[in-house]
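Reckoned from all heavy atoms, side chains included, excluding hydrogens, waters and symmetry mates. Since the structure is predicted, the reported quantities are computational estimates derived from the model, not experimental observations.
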Amino acid sequence: MKLKNLFTMLLIIFTINCASATTITVDDSGGADYSSIQEAINFAQENDSILIYKGNYSETLTIDKQLKIGSISRNPEDVIINPDFSSLPIIHVTSDNVEITNLTISGNSSENQTSGILLDGVSNSLVQNNIISNVQDGLVLNASSRCSIENNTLFSNTLHGIYLINSADNDLTNNLIIGNKRGLYLNLSNQNTLANNNASNNENYGIALRKANANNLTNNQFFTNKYGLCLIVSLENIIVDNIAGNNKQSGFLLWISESNNLKDNILIENGNSGVYLQASDTNTLIRNFFSNNSNAISMDYSSNNLVINNTFSSNKEYGIFYLHYSNKSNTIKENIFLNNKKGDDNLPSSSIPIYIFILLAGAGLAYYLQKRSLLKKALIGLGILTIISLIAIVAWYFPFESGLSGNNVEITDFSWYNSSKINETHTQVTLSMDINYRNKQAYDYSFAENSQTDVIPARVQILSRGYKPDVDTEIPYSLIYEEYINLTYRKPFNYEATLDLENGMEHDVQTIIVFKREFDYPNPYGEEIRWEQLGGWQQLILT
């Protein structure tokens, strides 16, 4: 009897829960349950479905409960979510088990519109058949797992089409990622599956992995990017059955990446190399097909790689091109080489160690024979080659740190005026300064050819710390004001900023000018974009 009662109670609870999941409609022209999507979200219960009628909805959304949201027609072009301006994600998801389907999400290309959809610390969510454009990052997964990203189109986004940070075990399939600044970026994200995506015609790369391990990339396409696929400090990824063609530089670039498996890929007509291994060891390349690349495989400071059963056909230079210290320690066997213009492979391009050995031997022999003039020449030659070697090594290991002067921009006439008391606690002060962009030759915006420019996009940052002169306390600086500006070469920019400062304190105010440096692919030691000081540091003490 008790068991029967328990069963009856469970059936009632199940029936109530099923009945509580309802469908809510939204139409901005009326005739539905709500005219605002966010209003419908606010009044919805867990597991409800929100169906949206055709229209243009100027709003941003926060989804904090388990819901299904999509267009009633299942045509993403019918429902456009396009806020006039927002510094927030257009759709911000903070709940598990959310479904977003069949929507068009569009920004206005402003740097302040951070993302189209942000999955923020969630799991088991579905983003399917959406169109996302004209924001910084089309779709962002932040610390999110077990999500499915399917059949979405992402284009004309100013940073990334899709960006994963600290996100694992997600499936990204059949997405079209085209015409963005960068395609799909996995940063510190492991064990994700990327299958049947088309990452093409992006300005920098199609897909990039940075410190991302054990991901599986299968049947993806990379066409007409600068780089097709980039692996940066990434381990144990499986790269199978992909195709990379007509990329301006390399089809696949591996930089400081180890133990990756590249199998059954097609790499054709890439401008530099089909696969470029840079300081990358113990990778396996098996049954890949290389044709009409400049070099099929280039190896630079790379060792203990296994290259087996690949086909190298009609490449414009070499099948395998060895750069520094890469030819003897790799295993190359059972490959097919056909009609590569300059041959199967080349001799090492760097013979500096051999020359050093010869000069040392010559110096020893000259000393033994007491022919001091020959000894002097040998030692001079040895010194020159040693210096060249050191410069080359430093330039290679630190490629991003050179070329910038500390005095690209200077600040002059830094002063303050118009001090006026606001109330008993604060006084308003106006800072004035001239900002001069005076060293164009040392400025390189993106490391691209001919990228020196007459106009720098920069930021003015003002930092301050208030303290009492008679109190010996260490107070850190804090950023109290910043603004984007454009500086023109040799045209002083008169800049003013108004600050509210606390009364009864002395204020140590500093101003610096920073600019945004961009890289074509992720930097192993930092992000793709970072703000660096251009110079111009100045300081004022306000009493």
Side-chain angles (χ1 to χ4, degrees), residues 19-120 122 125-141 147-159 161-162 175-176 178-180:
S20 66
T22 61
T23 298
I24 299 170
T25 58
V26 178
D27 190 341
D28 63 345
S29 60
D33 296 325
Y34 298 97
S35 61
S36 161
I37 304 172
Q38 185 62 57
E39 188 179 9
I41 293 169
N42 294 341
F43 284 94
Q45 302 298 313
E46 295 281 344
N47 301 309
D48 283 353
S49 296
I50 297 175
L51 297 179
I52 309 168
Y53 283 89
K54 184 175 182 178
N56 194 325
Y57 297 83
S58 182
E59 53 183 311
T60 58
L61 309 178
T62 299
I63 304 174
D64 56 1
K65 61 191 74 169
Q66 179 175 326
L67 296 172
K68 297 179 181 179
I69 298 176
S71 65
I72 197 167
S73 67
R74 298 187 179 180
N75 180 359
E77 295 181 357
D78 284 347
V79 176
I80 300 171
I81 303 175
N82 177 220
D84 292 333
F85 177 82
S86 176
S87 59
L88 302 172
I90 296 177
I91 299 179
H92 187 184
V93 180
T94 60
S95 172
D96 298 341
N97 302 298
V98 168
E99 295 185 12
I100 301 171
T101 59
N102 306 307
L103 302 175
T104 291
I105 300 155
S106 179
N108 56 19
S109 298
S110 167
E111 284 202 14
N112 293 316
Q113 289 193 301
T114 55
S115 54
I117 298 176
L118 169 59
L119 303 182
D120 198 357
V122 305
S125 291
L126 171 67
V127 179
Q128 184 183 65
N129 199 36
N130 301 283
I131 300 171
I132 308 175
S133 66
N134 294 306
V135 291
Q136 285 190 29
D137 297 311
L139 172 61
V140 178
L141 279 70
C147 296
S148 294
I149 312 301
E150 303 173 359
N151 299 303
N152 301 283
T153 299
L154 304 107
F155 69 94
S156 297
N157 296 294
T158 58
L159 286 182
I162 300 177
N175 298 287
L176 182 61
I178 58 170
N180 305 282

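- Residues Val26 and Ser35 share a closest heavy-atom pair of CG1-C, 3.9 Å.
- If you take CG on Leu141 and CD1 on Ile117, they are separated by 9.5 Å, rounding to the nearest 0.5 Å.
- For the pair Glu46 and Lys65, the tightest heavy-atom approach, listed with the atom from each and the gap, is OE2-CB, 3.3 Å.
- By the side-chain hydrogen bond (donor to acceptor under 3.5 Å, both in side chains) test, Gln128 pairs with Glu150, sequence neighbours left out.
- The side-chain contact (heavy atoms from CB on, under 4.5 Å) test applied to Asn152 returns Val127, Asn130, Ile149, Leu154, Asn175, not counting sequence neighbours.
- At least one donor-acceptor pair closer than 3.5 Å links the side chain of Ser71 to the backbone N or O of Asn102.
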**Test log, rule side chain to side chain contact (heavy atoms under 4.5 Å, CB included), inputs Ile52 and Leu103** = CA-CA 9 Å; Ile52 309 168; Leu103 302 175; 4.1 Å; yes

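- For NZ of Lys68, the number of neighbouring non-hydrogen atoms (other residues, nucleotides, ligands) closer than 6.0 Å is 12 at most.
- The side-chain contact (heavy atoms from CB on, under 4.5 Å) test applied to Ile24 returns Thr22, Asp33, Tyr34, Ala40, Ala44, Asp48, Ile50, not counting sequence neighbours.
- Atom OG of Ser36 sits about 8.0 Å away from atom CD1 of Ile41, to the nearest 0.5 Å.
- Take Asp78 and apply the side-chain hydrogen bond (donor to acceptor under 3.5 Å, both in side chains) test, not counting sequence neighbours, and it matches Ser73.
- Annotation: the span from Thr101 atom OG1 to Ile69 atom CD1 amounts to 9.0 Å, rounded to 0.5 Å.
- Under the side-chain hydrogen bond (donor to acceptor under 3.5 Å, both in side chains) criterion, Asp120 pairs with His92, Asn142, not counting sequence neighbours.
- Ser115 approaches Val135 most closely through the heavy-atom pair C-CG2, 4.0 Å.
- A heavy-atom distance below 4.5 Å is not found between the side chains of Pro89 and Val140.
- Here Leu139 contributes atom CG and Cys147 contributes atom SG; the two are 9.5 Å apart, rounded to the nearest 0.5 Å.
- In this structure, CG on Asp28 lies 9.0 Å from CD on Glu59, to the nearest 0.5 angstrom.
- With sequence neighbours excluded, the residues forming a side-chain contact (heavy atoms from CB on, under 4.5 Å) with Ser58 are Asp84, listed by chain and number.
- The CD1 atom of Ile81 sits 9.5 Å away from atom CG of Asn56, with the distance rounded to the nearest 0.5 Å.
- Scanning all heavy atoms of the two residues, the minimum distance from Asn97 to Gln66 falls at O-CG, 3.1 Å.
- For Ile131, the side-chain contact (heavy atoms from CB on, under 4.5 Å) test picks out Pro76, Glu77, Thr104, Thr153, Phe155, with sequence neighbours left out.
- Annotation: ring-ring contact (aromatic ring centres under 6.0 Å, His included) contacts of Tyr57 (sequence neighbours excluded): none.
- With hydrogens and angles ignored, the 3.5 Å screen pairs no side-chain donor or acceptor of Asn157 with any backbone N or O of Asp137.
- Legend: residues meeting side-chain hydrogen bond (donor to acceptor under 3.5 Å, both in side chains) with Gln38, ordered by chain and number and at least two apart, are Asn42.
- Among the candidates Ile132, Asn82, Leu61, the single residue satisfying the side-chain contact (heavy atoms from CB on, under 4.5 Å) test with Ile105 is Ile132.
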